[in-house]
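Quantities reported herein were computed from a predicted structural model and do not represent experimental measurements. By convention in this document, chain letters (A, B, ...) are assigned in the order of the sequence lines, proteins followed by strands, and residues within each chain are numbered from 1.
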2 protein chains.
Amino acid sequence: MTGYKKSRIREAILETLKGTRTHPPADWVWEEVKKIYPSATLATVYRNLHILESQGKILALDVGQGEKRYDGFVHHHAHFVCRKCGEVYDCEIKEGSFAKGMNIPGEVEAFQLTLYGVCERCMTKVMFPTGQSGKKQDKRER
Amino acid sequence: MTGYKKSRIREAILETLKGTRTHPPADWVWEEVKKIYPSATLATVYRNLHILESQGKILALDVGQGEKRYDGFVHHHAHFVCRKCGEVYDCEIKEGSFAKGMNIPGEVEAFQLTLYGVCERCMTKVMFPTGQSGKKQDKRER
DNA sequence: ATACATGCAAATCATTTGCGCAGTC
DNA sequence: GACTGCGCAAATGATTTGCATGTAT
């Protein structure tokens with residue numbers, strides 16, 4: 001039932017995710033993997049992302065942008081999502097600090113803490129009244 | 001730009017969400033609204049859910065199940081998602097307790113804290129080895 | 001040899017959008 | 001009357017799946 005064989009593509013995906021802190025979506029991972037294995041398919045990338053997630057080697061994040069973001073760093077940390085530029089930042093978390101005093105109706109195995117706001121970079125940026133939100137920026141340019 | 005007119009359907013959606021603590025998905029809200037306005041469409045429900053969310057009257061939750069869940073209670077609280085039955089529970093949060101000591105790269109306007117695990121109800125349930133996960137239960141039966 | 005991995009194309013599922021008409025201000 | 005809301009149907013976009021073939025053990 002848990003018999004996974006070695007897969008070059010799966011390894012490439014894991015290395016790609018461990019090599020960035022940008023929390024990329026699946027198609028960006030695909031672009032990276034294709035640089036090494038040009039025949040790789042998006043379907044294969046998705047299949048392997050699921051396997052890696054079930055093995056606890058990566059995290060799948062829902063940051064409320066429609067597409068999932070993947071994270072090769074599985075130590076406990078939170079994420080800050082800028083609602084202007086869409087960037088996802090890591091935030092250190094003080095272990096066990098936040099769950100204290102909460103009424104939790106079960107046994108917690110994992111958690112996801114996402115903070116939404118405007119990042120410092122966007123706050124200091126001068127805003128032109130031309131109405132560009134920048135929210136939907138080109139995903140490929142990271 | 002913010003000129004919304006009164007809409008019976010939108011009001012019904014808001015009341016529906018304020019009348020439950022089950023964090024329902026859009027199509028469940030639709031079923032409820034149709035009981036009062038049978039002609040209402042899912043597209044209209046989605047449009048109004050977005051408006052209500054932008055007005056800060058409801059919350060849209062990503063609990064990692066593909067579809068968004070909506071919440072008519074906007075006070076600060078966290079959610080516990082059972083990975084067996086898929087139920088979403090509310091958890092009280094001690095105001096400002098968890099953000100302390102974190103390195104946040106911007107100004108936080110909102111946050112979402114989701115805990116994943118197995119709820120007490122499922123833990124006490126006897127498990128038959130028939131392989132049913134129950135994860136994909138019928139959404140309509142709430 | 002057997003079971004898992006992959007490519008390809010088609011399917012799925014939640015959500016969104018264009019358009020013409022209806023309701024509100 | 002101008003502008004927003006609605007129903008309908010079609011479009012979209014991310015993710016999944018069936019099937020035949022390739023690869024690891």
Side-chain angles (χ1 to χ4, degrees), chain A residues 1-14 16 23-55 57-70 86 133 135-140, chain B residues 1-14 23-55 57-70 86 88 133 135-140:
Chain A
M1 200 122 222
T2 323
Y4 295 117
K5 302 184 175 169
K6 194 167 75 168
S7 146
R8 293 165 172 279
I9 292 184
R10 187 151 63 237
E11 286 171 354
I13 291 173
L14 184 55
T16 298
H23 317 82
D27 59 342
W28 184 88
V29 175
W30 181 37
E31 299 295 341
E32 290 302 299
V33 171
K34 275 198 294 188
K35 290 177 182 169
I36 312 172
Y37 305 105
S39 70
T41 310
L42 185 52
T44 298
V45 170
Y46 273 113
R47 276 190 279 242
N48 283 305
L49 285 170
H50 287 150
I51 293 174
L52 290 169
E53 189 194 354
S54 77
Q55 295 177 324
K57 293 180 179 170
I58 65 171
L59 293 176
L61 310 176
D62 255 318
V63 291
Q65 295 179 178
E67 53 183 13
K68 279 192 180 134
R69 307 298 207 88
Y70 294 91
S133 83
K135 194 86 154 288
K136 270 291 184 232
Q137 91 277 54
D138 188 350
K139 282 177 294 197
R140 249 140 264 5
Chain B
M1 203 122 217
T2 324
Y4 295 117
K5 300 184 177 172
K6 194 166 74 168
S7 146
R8 292 168 172 278
I9 293 184
R10 186 151 63 238
E11 284 170 357
I13 291 173
L14 184 54
H23 317 82
D27 58 344
W28 184 87
V29 175
W30 182 38
E31 299 295 342
E32 290 301 301
V33 171
K34 273 198 295 188
K35 289 176 184 170
I36 311 172
Y37 303 105
S39 70
T41 32
L42 186 53
T44 298
V45 171
Y46 273 113
R47 275 190 278 242
N48 282 306
L49 284 171
H50 287 149
I51 293 175
L52 290 169
E53 189 194 353
S54 77
Q55 295 178 323
K57 293 180 179 170
I58 64 171
L59 295 175
L61 311 176
D62 254 318
V63 292
Q65 293 179 181
E67 52 182 16
K68 279 194 180 131
R69 307 299 207 88
Y70 294 91
V88 181
S133 83
K135 194 86 155 286
K136 269 292 184 232
Q137 91 281 50
D138 188 351
K139 281 177 294 194
R140 254 145 252 13

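- Using a 4.0 Å heavy-atom criterion, one finds that B:Ala43 contacts the bases of the nucleic acid, with or without backbone contacts as well.
- Between D:dG7 and B:Thr44, a contact under 4.0 Å exists linking OP1 or OP2 to a side-chain N or O.
- Rounding to whole angstrom units, CZ of residue B:Arg10 and P of C:dC25 are separated by 11 Å.
- At a threshold of 4.0 Å, the pair B:Glu11-B:Arg8 does not count as salt-bridged, since none of the basic side-chain nitrogens sits closer than that to a carboxylate oxygen.
- The shortest side-chain heavy-atom distance between A:Pro25 and A:Trp30 does not fall under the 4.5 Å cut-off.
- Along DNA chain C, the nucleotide nearest to A:Thr41 and the one nearest to B:Tyr70 differ in position, and the one closer to the 5' end is contacted by A:Thr41.
- Rounded to an integer number of Å, the gap from NZ of B:Lys34 to C1' of D:dG7 is 13 Å.
- Sorted by first then second residue, the side-chain hydrogen bond (donor to acceptor under 3.5 Å, both in side chains) pairs that include residues 37-52 of chain B, not counting sequence neighbours, are B:Arg10-B:Asn48, B:Thr41-B:Thr44.
- Note on B:Ser39: only backbone sugar-phosphate atoms sit closer than 4.0 angstrom, heavy atoms only; bases stay farther off.
- Here D:dG13 presents its C1' atom at 10 Å from CG of A:Asp27, a figure rounded to the nearest Å.
- Within a 6.0 Å radius of NZ in B:Lys34, more than 12 heavy atoms belonging to other residues, nucleotides or ligands are found.
- Going from atom CD of B:Glu53 over to atom C1' of C:dT16 covers 15 Å, rounded to whole Å.
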Pairs under 3.5 Å (N/O, protein and nucleotides 19-25 of chain D):
residue: D:dA24; atom: N3; partner: A:Lys5; partner atom: NZ; Å: 3.3

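- Taking atom CD of A:Gln55 as the reference point, atom C1' of C:dA5 lies 13 Å away to the nearest angstrom.
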Q | Intermediate values then yes/no, side-chain contact (heavy atoms from CB on, under 4.5 Å), B:Leu61 and B:Lys68 | A | CA-CA 6 Å; B:Leu61 311 176; B:Lys68 279 194 180 131; over 6 Å; no

Q.
For a side-chain contact (heavy atoms from CB on, under 4.5 Å) check, start with the C-alpha distance between A:Tyr70 and A:Leu59, then their side-chain angles and the critical distance, and finish with the verdict.
A. CA-CA 6 Å; A:Tyr70 294 91; A:Leu59 293 176; over 6 Å; no

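- Rounding to whole angstrom units, CD of residue B:Gln65 and P of C:dC13 are separated by 16 Å.
- Distances were taken from every side-chain heavy atom of A:His50 (C-beta onward) to each of C:dG7, D:dT16, D:dT15; the shortest belongs to D:dT16.
- Between the CD1 atom of B:Ile36 and the P atom of D:dC6 there is a distance of 14 Å, given to the nearest Å.
- Residues passing the salt bridge (charged side-chain N to carboxylate O under 4.0 Å, His left out) test with A:Lys6: none are found, sequence neighbours excluded.
- Rounded to a whole Å, the CG atom of B:Asn48 is 14 Å from the P atom of C:dT24.
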